[in-house]
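Here the structure is laid out as structure tokens; the discussion comes afterwards.
Remember, it's a predicted structure, so these values are computed and weren't measured experimentally. Start at 1 and go down the list; that is how both ligands and their atoms are numbered.
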Amino acid sequence: MKIILTGGAGFIGSNVADRFIREGHEVAVIDNLSTGVESNVNRKARFLKVDIRSAVIDKIFERIKPDILCHHAAQIDVRKSTDDPIFDADVNILGSLNLLNACVKHKVKKVVFASTGGAIYGEQDYFPADEKHPARPLSPYGVTKLTIEKYLHFYRETHGLEYISLRYANVYGPRQNPFGEAGVVAIFAERLLSGKRAVIHGDGKRTRDFVFVDDVVKANLLALGYPKSDVFNIGTGIETDINSIFRMLKKATGSKQNEIHAPPKPGEQDRSVLDCARAEGFLKWKPKCKLSEGMARTVEFFQKTKRQVATNAQV
Ligand SMILES: NC(=O)c1ccc[n+]([C@@H]2O[C@H](COP(=O)([O-])OP(=O)(O)OC[C@H]3O[C@@H](n4cnc5c(N)ncnc54)[C@H](O)[C@@H]3O)[C@@H](O)[C@H]2O)c1
């Protein structure tokens, strides 16, 4: 199939692109490199350094005539979305609508959308949250993701554009940006390996549902062949607190650092965990990677990256 993949220079998108290409699909990556890096883009993909809000998007769809849009490009920083909701909406809502209009005009069959199962539900009433849990986002970022899901429904009803929305839990793994605001596994792994202080905000008892990127990639692959429009949680159903993440990474990296706590970051949810029975029943998707294995693979990736940087510096 011909697939346009937005955000394919970023963490999740680039891992998805690699797998699509391995499966024989033709992939064109659209990314403005605001947080992504060109070296992440698969060499067999066509790379277009373009903003999803650009008027050029229409021309790209006209030329490529994709079967599928896999939409991962986004403003992903929750704090930034709170500080500047207009910028967040501009990228996440208007950028997405620009893509959806191009999909309708150029007869794309389906959209696979990277949504969020953490930010959409807000503070949960029950644990784990299934897809029927009330959506009460606590950040503009969560609001924009929910809004796009509503638009996807509208485009399907009005224009027949099918969609799958994948509500990811906390995704972690190789290529996650360790220097951003989010992505505690990547941040701790990089800092512990570099001998820098890895700081736990608050008492470390906040929980998240950590899902390994390869499992998320598999959900995207299954979504390509799924015959109907639908919304699926993509997580593990397992709650892990930040103190445990720190301890596991301390062990995996061989660090001697003790726990350091700082004041909690405001506006963060206390607990988040997803019920993924729908994805298992309908999409036939189940997470395979255990947290300890995923952590080890993530640490290995950051160790390798550090070695490469050191070697390049010597040359
Ligand atoms: N990482 C997670 O835990 C998580 C959880 C839930 C949902 N998601 C969603 O998954 C998707 C990918 O997230 P990620 O963690 O890989 O982040 P990322 O920052 O690594 O990837 C986002 C990519 O989008 C690109 N981009 C941003 N704005 C753009 C624009 N205006 N035009 C073109 N490209 C643009 C960036 O350069 C980057 O390559 C996002 O939609 C995010 O909201 C991620």
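On a distance-only criterion, V91 and ligand 1 share no N/O pair closer than 3.5 Å. Residue contacts with ligand 1: T116 is placed with no nitrogen or oxygen under 3.5 Å of a nitrogen or oxygen of the ligand (distance criterion only). Not a single N or O atom of H71, backbone or side chain, sits closer than 3.5 Å to an N or O atom of ligand 1. The distance criterion of under 3.5 Å between nitrogen or oxygen atoms is met by D51 with respect to ligand 1. Residue N32 has at least one nitrogen or oxygen atom sitting less than 3.5 Å from a nitrogen or oxygen atom of ligand 1, judged on distance alone. For a threshold of 3.5 Å applied to N or O pairs, the pair formed by G36 and ligand 1 contains at least one separation below that value. Remark: ligand 1 and G10 share an N or O pair separated by less than 3.5 Å (distance only, no angle test). Checked by distance only, ligand 1 and F11 come closer than 3.5 Å through their nitrogen or oxygen atoms.
The residue A182 has no part lying near ligand 1, judged by heavy-atom distances below 4.0 Å. The backbone of A169, and not its side chain, has at least one atom closer than 4.0 Å to an atom of ligand 1 (non-hydrogen atoms only; backbone = N, CA, C, O).
From the protein, the heavy atom lying nearest to atom 44 (C) of ligand 1 is I12 CD1, 3.6 Å. At the top of the distance list for atom 19 (O) of ligand 1, counting protein heavy atoms only, stands T35 OG1, 2.7 Å.
Between F154 and Y151, the ring planes are perpendicular. Angles over 60° get that label, and only those under 30° would be called parallel.
A side-chain N or O of H261 and one of E259 form a donor-acceptor pair less than 3.5 Å apart. E149 and S115 share a donor-acceptor pair across their side chains, judged by distance under 3.5 Å alone.
Atoms of ligand 1 found under 4.0 Å from any heavy atom of V50 (numbered from 1 in listed order, with element): 32 (N), 33 (C). Near L33, with a cut-off below 4.0 Å to any heavy atom, the atoms of ligand 1 are 37 (O).
Each of F301, Y168, Y172 was scored for a ring-ring contact (aromatic ring centres under 6.0 Å, His included) with F212, with one residue passing: Y172. Among K109, K228, R156, the single residue meeting the salt bridge (charged side-chain N to carboxylate O under 4.0 Å, His left out) criterion with E162 is R156.
Checked against ring-ring contact (aromatic ring centres under 6.0 Å, His included), Y163 has no partners two or more places apart in sequence or in another chain. Residues passing the ring-ring contact (aromatic ring centres under 6.0 Å, His included) test with F232, sequence neighbours excluded: Y226.
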